[in-house]
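Okay, so here's the structure we're looking at.
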Amino acid sequence: MAQLAVHVEFLGEFGRLDPAEREDLRAALTRLPELPLETTPGARDDRLRTARLTDRLRATVAAPHGVRLLLGVRPDAEAVTWAKHHALSVNTVSGVLEITCVEELERLLPDYRKAAEEAPALLFDRMSDAQLHRLGISPDVLAIARTIRTSDQLRMLEHVLPEAQYTILHLLGDGLLPPSGTEQTYPDDVAAAIRRSQGRIALVDGPAELLELLAIAPSRQRVFLHPEQDAVAYRPSYAGPAIVFGGPGTGKTVTALHRVRHLVTRTDLPPSSVLLTSFSEGLAAALERDLAQILDVRQRLAVRVVNVDQLASELVSERRGTLRYLTDDEYTRLWADASRRTGGRYGPHVLRQEWEGVVFAQRIADLDGYLAADRRGRGRRLATTQKQQLWPGLAEASRVLLATGVWTPLTVADHAAVLLEQQPEKPFAHVVVDEVQDLHPAQWRLLRAAVAAGPDDLFLTGDAHQRIHGYRVQLKALGIDVGDRSQRLTMNYRTTAEILDWALWVLAESDSDDLDGGIDSMLGYRSARRGGEPELVGYPTAGAEHAGLVEALRGWHAEGVDWREIGVAARTPQVARAAVAVLTDADVPVDDDGVTVATMHGMKGLEFRRVALIGITDGAVPDSSALTPEDDDPLGYALDLQQERSLLFVAATRAREALRISWWGSPSSLLPRGNPFQPPACS
Ligand SMILES: Nc1ncnc2c1ncn2[C@@H]1O[C@H](COP(=O)(O)OP(=O)(O)OP(=O)(O)O)[C@@H](O)[C@H]1O
């Protein structure tokens, strides 16, 4: 009987299916050894076959002599097209199996060549064909590599090129790999290459072992890392702080978890010497749960998982006893008072933003300091007289918040930072932070002070496009210099191409800051999967929208979607609460065993099979109370509006397979109309 094998890409896909679908497939896959393998007329490579699994699904299988390698499971016609367009080969340098979308390479080459003729410089100009060949670049990949102008253009080819070759080109393009190689070449023996590709392919003894493998596939942190993620998470050492960017669902959290794993397996570390943190309690709890799955008990002891506010509160209350925090109402009153101190010239929202984002962010103590302050990224420039008018309100806020013994999470973070800055011994040997885009400078100072500067001190992951708490920072100014240790993940494993494209369009502005004074572009983000277009539904009244929501959720459930796999997101807590009441009345479960209903802020870090965004109504989204008045400060208004887009973007990208957006009355002005995006041909 042929040797059975499974590609890890399939294990990832399998893990994302819902339990019922997994069960059906599991049963069908036990028959894989004896299923008839069909060739595809006109196929590029007759070793790529398909096998019918269910009425709707086919397996794609690589079947060189003596091996059956399961590559994926796709709807009938899609599987056949996939098998027709791809080809197998052996990497000449590493000897691993390669899969190339030959059809797409050939389709793109003429246009790429034409564009390259007009380009002043190309990405691999400084390397000879022989050098690239010695690194394992095959002739067909070389042909297209010779037309590439930028790293971003290369990223768009990620799913067209063989994985190992793409990774080499990607590292070369970013200057992370010296252009040396080897003369050794492996022969074109695909069966041997499969046996050699242990990192990406699991060999199994038979159906029983295949089932065992499928049983561990569903856990999110047990994914086999993509080479792009692996290179980042398991790099032996970084000379200083390192940062990883990536769009939603690109595996930043998974990569952060594996970095922690690398740090604790590399050397024996004392208990709690690695800090793994994120900005909210819920996110830290999820990190803690996921980490336990990839570390043994001894390794787990070396890691402290806690959110930034909790860490700060522990450090400060150790010295100051129980801390009294301002309530939300007191905080609102504080800004109303501050506004009065400016003679009502500036509103509470503007004062709060100016104090949190400039005065407190930069530890400014007096008017002279404020007049000299750098306000980059904070909206419009302020004239000296305007700053003088604002100052009494800002000084009043500083007096209450810094001198009266009441606290907010941000003032606690800053105080904790001061305590750690003064202490020569730092509490952690390594600090790993997820979702860094939402941290305030005071929190950054705390994290900087929690670990001595040096190799592998800070490992950061985030996405400026998902910033929903509005603090823009320049890391260098906060003592965190990432130098050239900034990397990007581009493959979205969560969302379908259709949902991602729609969400990117909502974002409207494709570029955002990269926390380092540069730009983080969305160019090159790709989805591993395809699905239906997002559904957009308008209703005449709020009552009708509620009825439509109940009907839609019941429909999803009837199609076999578990209630727990459905998320409903609203812009405000009031809209979310109204939805909970309506769903409860309609006997739709809304609790730990039911549908999750949350605000868009609360959706961060979660993922669901299907998501409904509700109340996306003109006047409600964007939320006018979150916007700086446009007349007061047009640039501040634009920044706030971008943040409202980011909120919609975050909420939309929680959906794995289906997204529904509804409103009543007129739709929100943030919703795109029509859809000019086409998903990539070769996903
Ligand atoms: N290499 C991989 N193979 C298969 N699945 C993966 C891989 N990497 C990540 N995933 C899956 O993709 C999903 C998103 O991963 P993760 O939460 O780490 O992304 P993220 O970049 O942190 O997302 P976001 O910024 O939207 O919160 C998870 O379900 C995860 O298991």
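Start at 1 and go down the list; that is how both ligands and their atoms are numbered. Fair warning: this is a prediction, and the values are worked out from it, not measured in the lab. Nothing fancy with the numbering, it's 1 onward along the sequence.
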Under 3.5 Å, is there a donor on one side chain and an acceptor on the other for [X] and [Y]?
X    : Y    : value
N492 : T250 : no
Q443 : D309 : yes
N307 : S280 : no

So which of F649, F10, Y493, F245 gets nearest to atom 3 (N) of ligand 1, if we judge by its closest heavy atom? Y493
Close-contact set for ligand 1 against [X] heavy atoms, below 4.0 Å:
X    : result
G247 : 21 (O)
E435 : 27 (O)
Q229 : 1 (N), 2 (C), 7 (C), 8 (N), 9 (C)
G251 : 9 (C), 15 (O), 16 (P), 18 (O), 19 (O), 20 (P), 21 (O)

R58: which residues meet the side chain to side chain donor-acceptor pair (under 3.5 Å) condition with it, sequence neighbours left out? E38, T50, D76
Checking R660 now: which residues fulfil side chain to side chain donor-acceptor pair (under 3.5 Å) with it, not counting sequence neighbours? Y539
Touching ligand 1 at all, [X]? Heavy atoms, strictly under 4.0 Å?
X    : value
K604 : yes
D463 : no
G246 : no

Identify the two heavy atoms, one from L4 and one from P207, that lie closest to each other, and give their separation to 0.1 Å. CD1-N, 4.3 Å
Report the relative orientation of the aromatic rings in W563 and H557; use parallel for angles under 30°, tilted for 30 to 60°, perpendicular for over 60°. parallel
Check whether any N or O atom of [X], backbone or side chain, sits under 3.5 Å from an N or O atom of ligand 1, and answer yes or no.
X    : value
P248 : no
R654 : yes
G605 : no

Quick one: pull up CG in L32 and CG in L53 and give me the separation to the nearest 0.5 Å. 7.0 Å
